[in-house]
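Note on naming: letters A, B, ... go to the chains in the order of the sequence lines (proteins, then strands), and numbering restarts at 1 for each one.
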2 protein chains.
Amino acid sequence: MGDEQGTSTLGTTEVPTHWYNVVADLPVPPPPPLHPGTHEPVGPDDLAPLFPPELIAQEVSAERMIAIPEPVREVYAQYRPSPLVRARRWEEKLGTGARIYYKYEGVSPAGSHKVNTSVPQAYYNALNGITKLTTETGAGQWGTALSYASALFGVECEVWQVGASYDTKPQRRTLIEVFGGRVHRSPSTMTEAGKAFAAGHPGSLGIAISEAVEVAAQDEATKYALGSVLNHVLLHQTVIGQEALAQLADAGEDGADLVVGCAGGGSNFAGLAFPFLGEKLAGRQAPRILAVEPASCPTLTRGEYRYDFGDTAGLTPLMKMHTLGHDFVPSPIHAGGLRYHGMAPLVSHVYAEGLIEATSLHQSECFAAAVEFARTQGVVPAPESSHALAQARREALAAAEAGTEPVIVVGLSGHGLLELGAYESYLGGRLEDDPLSDADLAAALAGVPVVAG
Amino acid sequence: MGDEQGTSTLGTTEVPTHWYNVVADLPVPPPPPLHPGTHEPVGPDDLAPLFPPELIAQEVSAERMIAIPEPVREVYAQYRPSPLVRARRWEEKLGTGARIYYKYEGVSPAGSHKVNTSVPQAYYNALNGITKLTTETGAGQWGTALSYASALFGVECEVWQVGASYDTKPQRRTLIEVFGGRVHRSPSTMTEAGKAFAAGHPGSLGIAISEAVEVAAQDEATKYALGSVLNHVLLHQTVIGQEALAQLADAGEDGADLVVGCAGGGSNFAGLAFPFLGEKLAGRQAPRILAVEPASCPTLTRGEYRYDFGDTAGLTPLMKMHTLGHDFVPSPIHAGGLRYHGMAPLVSHVYAEGLIEATSLHQSECFAAAVEFARTQGVVPAPESSHALAQARREALAAAEAGTEPVIVVGLSGHGLLELGAYESYLGGRLEDDPLSDADLAAALAGVPVVAG
């Protein structure tokens with residue numbers, strides 16, 4: 001076992017055979033999505049214009065384990081199991097007795113966990129004769145992941161990228177193009193949803209989603225793919241947590257005391273956390289499970305739990321979730337993947353049920369933790385992931401203070417090699433924190449529709 | 001074995017215990033380096049101002065296997081063995097019966113093979129009480145690797161980066177700084193070697209080496225670290241080829257028919273090739289071994305095999321090597337790591353002895369192969385590595401034509417995620433080939449000193 005040598009990758013070479021569906025184990029079922037017009041629960045037929053039948057079935061499934069198709073497992077096997085690494089040098093630097101393990105998704109072809117769902121989404125669409133996928137992307141990790149997966153299964157891929165990222169991160173756009181995808185700046189003039197905004201508007205994930213959905217709805221051979229939020233997306237990400245559980249056991253640990261992940265739309269967090277939550281609900285482990293969000297987009301910690309749209313134009317079903325309001329445009333912090341007004345309904349539900357905790361951090365603390373981590377562990381974290389690291393650091397220091405030795409599992413959702421401009425700002429002392437003000441929050445929430453239930 | 005699932009990482013989890021020294025097995029010993037003043041063979045004492053004793057001993061050793069210190073193996077174990085992957089999707093795309101395996105060094109903390117030598121170099125220097133290391137960097141991969149390794153062992157790291165790269169690749173500079181190193185644009189005004197050039201000069205590896213060597217020679221607690229060319233650097237890289245041999249056997253292959261790597265200074269090439277050359281010299285395998293260089297810096301294929309300096313200012317010993325002349329400034333192609341006027345003396349020697357082959361390619365062909373590779377295998381290659389891929393592609397297509405099924409092992413020395421600007425130029429049709437003209441070659445060679453022997 002590599003662990004003998006200090007800090008290496010642990011355990012099995014097996015890729016999970018099934019995705020884990022936490023819905024099967026929840027004491028209270030999650031509230032259904034509602035039709036935006038009728039406010040009645042959405043049925044499979046309502047989703048058919050956007051998604052292929054297999055994904056719709058997964059979206060509403062209550063089965064505990066759902067088989068991963070063999071062609072998807074073959075692609076997974078190119079980069080999975082992702083490493084679970086004991087961060088020994090970082091522990092030493094922190095002077096903590098905590099044992100910190102990080103689950104590193106940056107080894108994927110697109111450099112983040114997003115490939116875990118882009119591959120099955122592209123696969124199921126290709127299986128149904130779909131020739132083009134549309135999507136949105138913020139920081140660009142999802143667009144990259146879908147572009148890569150689409151190339152594998154011979155599907156065209158068209159990406160609306162949030163304007164602010166498009167303008168400042170040409171590398172990410174190039175990477176999407178290297179994999180064969182096409183990129184449009186959002187808001188664009190190609191859609192009604194985009195035309196509603198002035199040229200040069202910095203855009204938001206909500207706007208970009210509206211554009212991609214609008215284009216997909218117009219053509220039978222074109223479907224839409226979402227990189228987070230929805231149940232089937234979270235489901236695909238559960239390979240992360242399942243592997244981590246097995247790898248932790250291989251490392252000789254009885255289980256985790258704390259599982260911590262960053263949460264934007266919620267899929268990375270859920271992918272790591274839900275298999276641990278399953279163990280908790282079954283009474284086999286009792287970890288604290290903690291979601292970390294940016295102080296400038298604190299959906300779980302300061303949003304309201306109510307029905308809202310997933311996009312800005314109101315084209316999606318209404319989902320019950322923690323939201324800051326669907327027309328909220330977050331401050332342009334560097335963790336673009338965490339700049340979303342809502343939170344996955346399943347994550348919102350388990351938070352509302354008290355099954356998980358949440359906290360928020362300023363980005364300057366997160367970058368400080370990320371640089372310390374890079375200098376000790378040799379991995380440059382994505383700005384999103386740095387939120388989880390910074391919280392793990394707090395917990396490890398608290399453990400040192402208290403003289404405890406918890407096992408901390410931290411989700412490192414991707415690498416930050418395409419975000420070095422953000423690191424340059426941090427190292428140059430030019431990074432600003434921009435927490436959400438009460439007034440801005442109230443204004444953003446005012447736009448949320450009133451829905452009974 | 002992951003191979004059952006199509007394209008995954010193969011084999012062992014063991015890191016080699018020793019480096020392999022090909023000198024022990026060579027039928028003819030390589031010519032010694034000469035003192036730049038006396039033209040007498042250089043002894044260990046001459047190298048003492050620049051390198052710690054362990055590295056000098058390795059530089060002149062004739063031992064076949066040299067033990068890797070445990071602290072170095074511990075760091076290696078964080079990212080080694082690097083994957084050997086069967087490129088099945090690429091093979092399908094090419095319609096070849098060739099079995100193509102790529103050895104992928106991009107998984108290292110700095111994203112390339114350079115970490116394999118930066119770690120032992122930083123370790124041995126720290127062991128000897130050295131508090132600062134100086135070095136040069138071109139594209140930036142070596143500077144990144146040394147910055148990372150220095151952080152691990154508590155040594156300061158100061159990097160002179162070739163001006164052209166410094167100006168156009170801020171991400172790489174930031175990455176060096178994230179790991180804790182300091183970066184200067186070369187030519188700088190901090191050294192006599194740098195002051196010889198006008199402000200804003202684009203620089204070259206030869207100039208940057210002169211600057212770093214000059215600074216190291218002035219202070220007892222400061223030493224110099226070189227990222228390629230020297231025997232001890234090539235030695236450290238042999239973990240690559242040793243692992244590849246073991247992984248190939250694990251994959252059920254009897255051996256390689258062709259081993260192909262890109263060659264700039266020669267360390268990546270030698271690291272992969274020398275263990276295979278050892279098998280060849282011992283009569284156990286009979287692979288063709290092929291070095292690929294850029295048409296704009298064709299050291300092996302068009303340079304002269306004679307004594308020359310390693311740097312521009314003539315501060316280094318004279319080394320017998322294939323050279324374009326030490327004041328040659330290569331065209332600013334994108335594979336910055338291949339822009340060196342000379343070739344490692346050991347690689348030059350085995351080429352002169354007819355033990356390996358060499359060829360050169362234009363960068364446009366290399367980028368085309370790299371994009372095809374990215375779309376099939378999900379890895380964006382460094383521009384340097386793309387030279388090896390493009391040649392492997394030629395060989396695989398030739399095999400399809402001939403109806404043969406060779407086993408091709410190709411060295412993928414690093415990822416290209418910090419070189420996406422080059423990919424953007426390629427995809428946008430703005431990439432230019434710039435082969436070396438006969439007149440420029442003759443002019444460059446005119447400056448090489450005349451040395452007997």
With respect to B/Glu424, which candidate in A/Leu175, A/Val178, A/Thr174 satisfies the side chain to side chain contact (heavy atoms under 4.5 Å, CB included) definition?
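Of the listed residues A/Leu175, A/Val178, A/Thr174, the side chain to side chain contact (heavy atoms under 4.5 Å, CB included) partner of B/Glu424 is A/Thr174.
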Is there a side chain to side chain contact (heavy atoms under 4.5 Å, CB included) between B/Arg88 and A/Glu74? Walk through the geometry before answering.
CA-CA 11 Å; B/Arg88 285 188 193 270; A/Glu74 280 177 19; over 6 Å; no
Which of the residues B/Ser108, B/Ser150, B/Gly416, B/Pro109 is involved in the greatest number of heavy-atom pairs with chain A at under 4.5 angstrom?
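Highest number of heavy-atom pairs under 4.5 Å: B/Pro109.
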Please determine, among A/Thr376, A/Val371, A/Leu417, the option with the most heavy-atom pairs under 4.5 Å with chain B.
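Option with the top pair count is A/Leu417.
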With respect to chain B, which residue among A/Gly106, A/Ala110, A/Ala374 yields the maximal number of heavy-atom pairs within a distance under 4.5 Å?
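Sorted descending by pairs with chain B, the first entry is A/Ala374.
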List the steps, then state whether side chain to side chain contact (heavy atoms under 4.5 Å, CB included) holds for B/Arg89 with A/Val75.
CA-CA 10 Å; B/Arg89 285 176 189 274; A/Val75 181; 3.2 Å; yes
Is A/Arg375 reaching over with its side chain to a backbone N or O of B/Leu152, donor-acceptor style, under 3.5 angstrom?
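Checked: no pair found.
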From B/Leu420 atom CG to A/Gln171 atom CD, the distance as rounded to the nearest 0.5 Å
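Nearest 0.5 Å value for the CG-CD distance: 6.5 Å.
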Chain A contact via B/Tyr148 - side chain, backbone, both or neither, heavy atoms under 4.5 Å
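For B/Tyr148, the side chain is the part near chain A, not the backbone.
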By a 4.5 Å heavy-atom criterion (distance strictly below it), what part of A/Leu427 contacts chain B: side chain, backbone, both, or neither?
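Interface part for A/Leu427: side chain.
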Got B/Phe179 and A/Val380 here, is their nearest side-chain heavy-atom distance under 4.5 Å?
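Answer yes - side chains close enough.
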